[in-house]
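Report on the following structure.
Every value quoted in this text rests on a predicted model; they were computed, and no experiment measured them. Below, chain A is the first sequence line, B the second, and so on; all start at residue 1.
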2 protein chains.
Amino acid sequence: MRGCGQSPMNGLNLGLDIWNRSVLNVPMNRGRPKSFCPEQALESAMQVFWQRGYEATSLQDLLAATGLSKSSLYQTYPSKQAWFEAAFTRYCQHRQALLIESLEQASSPLEYIRGRLLGVLDDDGLDGIPRGCMLVNVANEFSLNQPEILSLTKQATEGFSQVLGAALKRAQAVGELSAQADTEALGFYLQAVISGLRTQVKSGVSAQRIASTVDLVMSQLR
Amino acid sequence: MRGCGQSPMNGLNLGLDIWNRSVLNVPMNRGRPKSFCPEQALESAMQVFWQRGYEATSLQDLLAATGLSKSSLYQTYPSKQAWFEAAFTRYCQHRQALLIESLEQASSPLEYIRGRLLGVLDDDGLDGIPRGCMLVNVANEFSLNQPEILSLTKQATEGFSQVLGAALKRAQAVGELSAQADTEALGFYLQAVISGLRTQVKSGVSAQRIASTVDLVMSQLR
DNA sequence: CTTTTTTAGGACTGATCAGTCCATATTTTG
DNA sequence: CAAAATATGGACTGATCAGTCCTAAAAAAG
């Protein structure tokens, strides 16, 4: 059972790995190959951390979600913390890539933004229970005393804000938004609104109420 | 050592307690009196839950923060969960009371709102590390599968939103806000913005950036 | 005083926590 | 084939988890 390549490296390094082997005469990995796909395991770990948060996720949860043995788990990343950081990094990268991709496909930038705002309403997890945005969850679970996590949340928040800012720039180009608008500032503003709405969703505020706030926010964007 | 009255009841019931004793001839409490103040213990418990969240707070933390013995802890509330719910309820009540009080003292309703928005910047905990708003923390830590918690977060979110809505009504009365504005909708909107800004603060976004978002939001309120 | 009632201290519980270690299995290399 | 290298399963660790229980202390009531 091999599944997804035998390199323990992640997707980005796989190419280099193959290149090394074929061109530089670096030998193939010796020893028993992994019986799991590290990428897939990380994805599963991310899902469970997303759903439950860091503290509430036990190693047992991680083992069950990934299907790995304890040895394989600790050989892939050396601690629960390391798994979490890798999973969270993956989440941020994927989310930002998705955001950018759907922006590129969007016909109307403002409708794209409305879609991002309304998106807070469909974030159901595996069991149908909303799990919110992992970035929002993580930022609020940790205090600011963990530098590595803080660095990740800051970077992701700024990244998301910039994508929203880019959407607003396109809105200006298309004539949907005043050329005087400060798109960078509005990007951070919208990111805050989205985070706030996600918190309200998790607080039990009705979908109707959320939707009308979205209308209000959109009506202010001119 | 008595400290703050010998009734194990909380503040609201203390009056009834005394009344029962004096009017209904109910005898005074027999037995050894508590050597701690339940109100004060709850306040301490609230602080530590606020700072660390539910999962990350251990019973040891709770014992250390309150100074209680394990027996007293479990006699006051029967579980960690019960302590948490009591502490969170206390937080919500106190916060809402503070919000209302400072609204009543405010001269300019819009400046009051600006103050609430900028307030996200000074939420330092005991050790100087921002701990955010407990409501935001709690809403994001728990998934929606805990009915009691959900009920508390929903109620608090709506309560805070309504106070903001009331401030906006006063702004209309004073002429600071258009009479056409939907103050209820704007109240929920502002509550979302505040939650979002708190998340950004915990994500490491700079105070300067937060402040300029506050300016942006205020400039939209007309 | 004795009795009754409540609180407090702290030993104790079984479960679970994150993490280690080692023997065995499975592969490539030579 | 044998040797080397890596992966796996799972037993094992000490620490900590939330929570229980029992005994002693301290107060009011009679």
Side-chain angles (χ1 to χ4, degrees), chain A residues 1-9 17-18 20-22 25-41 45 48-49 52-87, chain B residues 1-9 17-18 20-22 25-41 45 48-49 52-87:
Chain A
M1 210 225 302
R2 302 290 282 278
C4 85
Q6 64 188 346
S7 167
M9 300 301 179
D17 207 27
I18 289 175
N20 278 337
R21 289 175 183 178
S22 57
N25 263 351
V26 172
M28 294 288 286
N29 276 340
R30 279 210 277 182
R32 184 172 168 179
K34 290 183 200 305
S35 65
F36 65 94
C37 169
E39 281 291 308
Q40 194 174 315
V48 64
F49 277 129
R52 305 196 222 236
Y54 178 77
E55 287 290 342
T57 299
S58 71
L59 270 189
Q60 289 304 324
D61 295 331
L62 231 41
L63 292 175
T66 60
L68 269 56
S69 71
K70 212 167 234 192
S71 311
S72 304
L73 196 94
Y74 274 95
Q75 194 156 348
T76 307
Y77 294 102
S79 66
K80 180 186 169 188
Q81 171 93 15
W83 270 95
F84 179 78
E85 287 173 16
Chain B
M1 208 216 315
R2 303 291 281 279
C4 86
Q6 64 188 346
S7 167
M9 300 301 180
D17 207 28
I18 289 174
N20 278 336
R21 290 175 183 177
S22 57
N25 261 354
V26 171
M28 295 288 285
N29 276 339
R30 281 208 276 180
R32 183 172 170 180
K34 291 184 200 304
S35 65
F36 64 93
C37 169
E39 281 292 309
Q40 194 174 314
V48 64
F49 276 129
R52 303 197 225 239
Y54 178 76
E55 287 289 343
T57 299
S58 71
L59 271 190
Q60 289 304 324
D61 295 331
L62 232 41
L63 292 175
T66 60
L68 269 57
S69 71
K70 212 167 233 191
S71 312
S72 304
L73 196 94
Y74 275 96
Q75 194 156 348
T76 308
Y77 295 100
S79 66
K80 179 186 168 186
Q81 171 95 14
W83 269 95
F84 179 77
E85 287 173 15

Could you go over nucleotides 22-25 of chain C and give all protein N or O partners under 3.5 Å, atom names and distances?
from: C:dA25; atom 1: N3; to: A:R32; atom 2: NH1; distance (Å): 3.2

| What pairs of residues pass the side chain to side chain donor-acceptor pair (under 3.5 Å) test when at least one of them lies in residues 59-68 of chain A, not counting sequence neighbours? | A:S58-A:D61
| said: Could you tell me if the side chain of A:L73 sits less than 4.5 Å from the side chain of A:F36, heavy atoms only? | reply: no
| B:Y54: partners by ring pair (Phe, Tyr, Trp, His ring centres under 6.0 Å), with sequence neighbours left out | B:F84, B:F142
| field | Residues which pass side-chain contact (heavy atoms from CB on, under 4.5 Å) with B:S69, listed by chain and number, not counting sequence neighbours | value | B:S71, B:S72
| query | How would you list, by chain and number, every residue that makes a side chain to side chain donor-acceptor pair (under 3.5 Å) with A:S79, sequence neighbours excluded? | reply | none
| query | In Å, rounded to the nearest 0.5 Å, how long is the span from CD of A:E55 to CZ of B:R52? | reply | 10.5 Å
| field | Contact nearer the 5' end of DNA chain C, comparing B:L68 with A:E55 | value | B:L68
| Is there any salt bridge (Lys or Arg N to Asp or Glu O under 4.0 Å) pair reaching into residues 66-81 of chain A, and which pairs are they, with sequence neighbours excluded? | none
| Given atom CG of B:L63 and atom P of D:dG19, what is their separation to the nearest angstrom? | 12 Å
Distances for protein N or O near nucleotides 11-17 of chain D N or O, under 3.5 Å:
from: D:dC17; atom 1: OP1; to: B:S58; atom 2: OG; distance (Å): 3.3

| query | If you measure from CG on B:L68 to OH on B:Y77, what distance do you get to the nearest 0.5 Å? | reply | 11.5 Å
| message | Rounding to an integer number of Å, can you tell me how far A:K34 NZ sits from C:dT28 P? | response | 15 Å
| field | Residue list, side chain to side chain donor-acceptor pair (under 3.5 Å) with A:T76, at least two apart or on another chain | value | none
| remark: Whole-Å distance, A:L62 CG to C:dG19 P, equals 10 Å
| note | Ranking C:dA8, D:dT20, C:dT20 by distance to the side chain of B:S69, first place goes to C:dA8
| Atom-pair distance (CG on A:L73; C1' on C:dC21), nearest Å | 16 Å
| request: Can you tell me the distance, in whole Å, between the CD atom of B:Q81 and the P atom of D:dA18? | output: 12 Å
| query | Hey, is the side chain of A:S35 poking within less than 4.0 Å of OP1 or OP2 on D:dA7, counting only N and O atoms? | reply | no
